[in-house]
Visitor: 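Right, I'll just put the structure down here and ask away after.
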Amino acid sequence: MFRWYQNAVKCYVYLSDVSTKKRKASDSFTECTWEPAFRSSKWFTRGWTLQELLAPNPDSLEFFSQERDRLGDKGSLEQQIHEITGIPLSALRGTPLSHFNIEDRLIWAGTRQTAREEDRAYSMLGICNIYMPLIYGEGEKNAFRRLRKELGFDNDLLHSLPYAIEAPFNSANRQDEPICLPNTRVSLLQEICDWANGQDERCIFWLNGLAGTGKSTIARTIAKRYCEKDRLGASFFFSRGGGDVSHAGKFFTSIAVQLANNMPSLRHYICDAISNRKDIASQSFRDQWSQLILFPLSKLGSGSSPSSYVLVIDALDECDKDEHIRMILQLLAEARTLKTARLRVLLTSRPEIPIRHGFYQIPDTEHQDFVLHNVPLTIINHDISLFLEYNLGIIRHEWSLGADWPGEVVLRHLVLYACGLFIWAATTCRFIREGKQFARKRLDTILKGSSGAITAPEKHLNEIYRTVLEHSISSEFLDEEKEEVYHMLKHRLGSIVVLLSPLSTSSLSRLLYLPREDINRTFEDLHAILDIPKDPTHPLRLHHPSFRDFLLNKDRCGDFWVDEKEIHQILATGCIRLMSQTLKKDICEIHAPGSQTSQVESIWIEKCLPPEVQYACLYWIQHLQRSGSQVHNGEEVHRFLQAHLLHWLEALGWMGKTTEGIEAILSLEDYVLVKGSPNLHAFIYDAKRFALYNRSVIEQVPLQLYCSALVFAPENSLVRKKFKGCIPDWIQLKSKIQVHWNAALQTLEGHNDFVTSVAFSHDGKQLVSGSWDRTIRLWDTATGAPLQTLEGHTDSITSVAFLPNDKQLVSGSSDKITLEGHTNLFNSVPFSHDGKLLPLLRVSNHWVVEDNTNILWLPPDYRETCSVTWNRSLVIGHSFGRISFFCFEKGAKLVV
């Protein structure tokens, strides 16, 4: 249809809602007052009419009123149409649509409505000059997804945002986590849905409750319901020790990515925000919230459907920093300011102090609270009874335990023992089920071990956890053997609950230096409290964070108590030992010094840097700090840094975690005492300066750590001194560089303005340079000593060179006093000793290049304004009058 409109001689638009005959009550005559009606005509809000507006030539599209009076054509009405639609005048005047980017064209569609939801996407096909089959029934979301795929949008912008893959409620690692059973939590779920569908200003629903009361299950249930209705904007399930979901670092960017994927009409606004601020992921949380979420939502028109979306945030109390929790609450409350689109935030947490204080800052009229542990016990017991009946029924069927098992009396006892905690009921069912043919015996163990009287919920939870742990230790062991098993159990379980990101049994065995079979045996009877996948490469997880609280509290778990600081020390030692044995120069076996991280497949990086090694690289310093132990000169940490600092930074570069590495160095610097360990502290300080200065090198071209980063480090840098042997042999002569960090660079000093041209003599013994300071300087290449300064030009010098006899110089300048035969300004006239104009070495895009191969990256302070080569030598001129001199060995350039 779009091409048909383009080729049409005339197109007529009949506006049935625009009249040219409207009588004003105060007038006795008829006056044409059609323009307000024209501006509000529904024709401009329909999806398909956009191509009718854009395709025809300006004078071939004419508008008529309901009386069939001609109102004008697209050309004469262009200003009004521009103001109504926001379409640029140039597009209305016939400028080819190919001159406008795709995102702009999608924005023109704005909030236009169509009878069929898929037509919002299909109506853009001609405007975007693409073809794809129409599949009515696929829904708007899928139609837009196919449209953007056809347009070649490969999600590069969204992929540039840091994303926590385990955050959504339906991520792969959460696929086995339960939702509420039918006929349970009925009134509460209805209350949340009524709030989510409501129209008031209470944009946050805070569901708070004690550990084990079922908050996460309710959150998953709501997320699933609204996902099925295409009204789930995003979900983020925090988890202490869960890596990316244990902190707020990727919270807002992950929400933005999900919103873009779940709300097609919002996608281009979020992409625009990323495009406009490429560094948005490194900006403040407030900027991320405003630019990536709040502002795009505010751009949605009032006609958007549905009118509200739900955001589900679970276990906010498990976010690692109190100040981040308060900031998240403060920013989420701003969702109330949205007018044309509403965001309803379901938030669950324990009633911890940071969250309570955060809500104190939000007016009561802007949030609704529900205290889960205040629900009448009769209602909770009813739901727990249904839960137990359902799960024990599955066990009864699996092991043919008889129709009367476990019986109504036992069921009532179990409900009482649960004391309102769903996690108790869930743990009990898992414990019984894992007993398989001994399921009856395990049920009896629970009934005998639980207190007869109704006590605090936490006490019952302690009892079921202790029952599970004690059952994993054979009663046939001798006392000494039991002690050893206790120690192993505490050590290995403690490692799992203290880990800062989940690991598999395979990775954990390498980190703890234990056979995988030993770890498997230890956890064999602990499926009731651990989610142990069949694949040993998949991470282990706790079924519930309350088990972590139990193990780390001596008063609650007794003999099973885990000393958190001791475990952190064990993990820190394991990380350092693993890195020392694994990390090496060019760990990914790339060899080429110019290889960029973007050129290496992630699957290869993961093979060379398996999960346990990446974990060690990311978290060894955090474990060290949390252990509370002091580090000293010459000890393990000092030895590791002096041997493997560059290897560690290289690994972080390949992992895309340079920022995290620098943050770790900064925290280590604060942790190590200057007085107690002056040598170690000095080395860490120098490592900080080294890493900060070479941040872009580490991020983009990690192997340049052994080339550019060392070559350009100050002479007195401790890192340079320690690792100078890592500089490849093919870099034979290095430029003179600064002595200390922060000192001005001192190399062939003399010019006081931009160095615009440099050239070697044909024997390589002398160097000539020209500058904007209107002088020509002659240098001794062996010593860097200035030999002569030539003056005479009245304007900036743009080119210098030696004549073949090396006894005369020629120069070019903006004053046109130049080399014979040249009358225009030019930038360089380099000669090589054999008369060829193309040297083997050159500088291009901030790289030293040899035969089209990048070999040495130039940091910002060494960027060239001009360069010249002679034989295997390279001279680079810089701004502010500096000149750098290099010499490279002939042959293959590899990092080995």
Side-chain angles (χ1 to χ4, degrees), residues 576-577 579-595 608-609 613 617 633-654 658 661 665 679-695 697-698 701-741 743 745 747 841 847-848 850 853-859 861-862 872-874 884-896:
I576 294 172
R577 180 171 51 192
M579 290 189 294
S580 298
Q581 295 177 352
T582 307
L583 299 183
K584 60 181 181 179
K585 181 163 65 172
D586 191 21
I587 193 167
C588 292
E589 300 178 358
I590 304 299
H591 302 317
S595 296
C608 298
L609 292 164
V613 177
C617 290
N633 296 335
E635 293 184 347
E636 188 177 41
V637 172
H638 199 175
R639 293 195 300 272
F640 168 75
L641 290 174
Q642 290 189 316
H644 298 288
L645 174 66
L646 296 191
H647 304 155
W648 176 52
L649 292 175
E650 180 200 337
L652 291 169
W654 294 122
T658 303
I665 294 174
N679 296 339
L680 174 56
H681 191 276
F683 192 84
I684 295 171
Y685 170 80
D686 198 75
K688 176 190 73 173
R689 296 300 308 272
F690 181 85
L692 286 170
Y693 184 76
N694 294 289
R695 179 180 188 142
V697 170
I698 302 169
V701 203
L703 291 184
Q704 284 295 309
L705 276 163
Y706 310 103
C707 306
S708 171
L710 287 176
V711 168
F712 296 110
E715 289 181 4
N716 285 347
S717 163
L718 298 178
V719 174
R720 178 190 172 103
K721 289 180 177 180
K722 192 66 183 177
F723 295 101
K724 62 183 178 182
C726 294
I727 299 175
D729 293 338
W730 46 264
I731 305 179
Q732 292 181 307
L733 182 61
K734 296 90 178 176
S735 172
K736 182 180 178 182
I737 40 77
Q738 71 270 31
V739 178
H740 303 287
W741 291 111
L745 298 176
T747 306
L841 292 168
W847 279 93
V848 177
E850 182 186 54
T853 300
N854 296 339
I855 64 171
L856 186 70
W857 183 82
L858 299 171
D861 289 341
Y862 284 82
R872 309 303 305 166
S873 298
L874 170 69
S884 297
F885 183 84
F886 302 87
C887 183
F888 300 90
E889 186 181 62
K890 189 174 182 179
K893 304 295 186 296
L894 302 176
V895 176
V896 294

Visitor: Indicate the atoms forming the closest heavy-atom contact of Leu609 with Trp654, along with that distance.
Guide: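 What the structure gives for the nearest pair is CD1-CB, 4.1 Å.
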
Visitor: Under the 3.5 angstrom rule, does the side chain of Arg720 hit a backbone N or O of Glu715 as a donor-acceptor pair?
Guide: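 Such a contact is absent between Arg720 side chain and Glu715 backbone.
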
Visitor: Kindly determine whether Phe640 and Val637 satisfy side-chain contact (heavy atoms from CB on, under 4.5 Å), including the steps that lead there.
Guide: CA-CA 5 Å; Phe640 168 75; Val637 172; 5.7 Å; no

Visitor: Would you check if the side chain of Asp586 reaches a backbone N or O of His591 as a donor-acceptor pair within less than 3.5 Å?
Guide: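 A pair under 3.5 Å: yes.
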
Visitor: Does any non-hydrogen side-chain atom of Cys707 lie less than 4.5 Å from one of Trp730?
Guide: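 Counting from C-beta outward, Trp730 and Cys707 do come under 4.5 Å.
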
Visitor: Please report the interatomic distance CD1(Ile576) to CD(Gln581), rounded to the nearest 0.5 Å.
Guide: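 Separation between the atoms: 12.5 Å.
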
Visitor: Do Arg689 and Tyr693 meet the criterion of a side-chain donor-acceptor pair at a distance under 3.5 Å?
Guide: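 Their side chains do not contain a donor-acceptor pair, so the 3.5 Å distance test is not met.
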
Visitor: List the residues meeting salt bridge (charged side-chain N to carboxylate O under 4.0 Å, His left out) with Lys722, not counting sequence neighbours, and say none if there are none.
Guide: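 Checked Lys722 against salt bridge (charged side-chain N to carboxylate O under 4.0 Å, His left out); zero matches.
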
Visitor: Could you go through the side-chain contact (heavy atoms from CB on, under 4.5 Å) check for Leu645 and Phe723 one step at a time?
Guide: CA-CA 9 Å; Leu645 174 66; Phe723 295 101; 3.9 Å; yes

Visitor: What are the two closest non-hydrogen atoms of Glu650 and Ile587, and how far apart are they?
Guide: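 Scanning both residues completely, I find the closest heavy atoms to be OE2-N, 3.1 Å.
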
Visitor: Begin from the C-alpha positions of Leu641 and Leu680 and carry the test side-chain contact (heavy atoms from CB on, under 4.5 Å) through to its verdict.
Guide: CA-CA 9 Å; Leu641 290 174; Leu680 174 56; 4.2 Å; yes

Visitor: So do the side chains of Gln704 and Pro593 get within less than 4.5 Å of each other, counting heavy atoms only?
Guide: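 Gln704 reaches Pro593 side chain to side chain.
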
Visitor: Which heavy atom of Lys584 sits nearest a heavy atom of Tyr706, and at what distance?
Guide: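 Shortest heavy-atom contact: O-OH, 4.3 Å.
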
Visitor: Using a 4.5 Å cut-off on heavy atoms from C-beta on, say whether the side chain of Leu646 contacts that of Phe690.
Guide: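 Phe690 reaches Leu646 side chain to side chain.
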
Visitor: Which pair of non-hydrogen atoms, one from Leu710 and one from Cys726, has the smallest distance, and what is that distance?
Guide: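 Scanning both residues completely, I find the closest heavy atoms to be CD1-CB, 4.0 Å.
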
Visitor: Whether the side chain of Thr658 engages the backbone of Arg695 through a donor-acceptor N/O pair (distance < 3.5 Å, no angle test) should be reported.
Guide: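 No, the answer is negative, given that no donor and acceptor are paired below the 3.5 Å cut-off.
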
Visitor: Could you tell me if the side chain of Asn694 sits less than 4.5 Å from the side chain of Trp857, heavy atoms only?
Guide: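 Side chain of Trp857 against side chain of Asn694, heavy atoms only: no contact under 4.5 Å found.
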
Visitor: Between CZ of Phe712 and OG of Ser717, what distance do you get to the nearest 0.5 Å?
Guide: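 So the CZ of Phe712 and the OG of Ser717 are separated by 14.0 Å.
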
Visitor: Out of curiosity, Ile684 CD1 to Leu718 CG, how far, rounded to the nearest 0.5 Å?
Guide: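 The distance works out to 11.5 Å.
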
Visitor: Measuring from Asp686:CG to Ile665:CD1, what's the distance to the nearest 0.5 Å?
Guide: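 So the gap between those two atoms works out to 10.5 Å.
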
Visitor: Can you give me the closest heavy-atom contact between Ser595 and Pro702, atom names plus distance?
Guide: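 Where Ser595 meets Pro702 most closely, the heavy atoms are O-CD, 4.3 Å.
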
Visitor: Going from CG on Leu705 to CD1 on Ile727, what distance comes out if it is rounded to the nearest 0.5 angstrom?
Guide: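 Between Leu705 CG and Ile727 CD1, I get 12.0 Å after rounding to 0.5 Å.
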
Visitor: Check step by step if side-chain contact (heavy atoms from CB on, under 4.5 Å) holds for Asn716 and Lys721.
Guide: CA-CA 7 Å; Asn716 285 347; Lys721 289 180 177 180; 3.9 Å; yes

Visitor: I'd like to know if the side chain of Asn679 pairs up with that of His638 as donor and acceptor (distance under 3.5 Å, no hydrogens or angles considered).
Guide: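 The answer is no; no qualifying pair exists.
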
Visitor: State, to 0.1 Å, how close Val613 and Thr582 come at their nearest heavy-atom pair, and which atoms those are.
Guide: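 So the minimum-distance heavy-atom pair works out to CG2-CG2, 3.7 Å.
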
Visitor: Hey, what do you get for NE2 (His644) to SG (Cys617), rounding to the nearest 0.5 Å?
Guide: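 Here the interatomic distance stands at 11.0 Å.
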
Visitor: Less than 4.5 Å apart, any side-chain heavy atom of Pro714 and any of Val739?
Guide: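 Pro714 vs Val739: side chains apart.
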
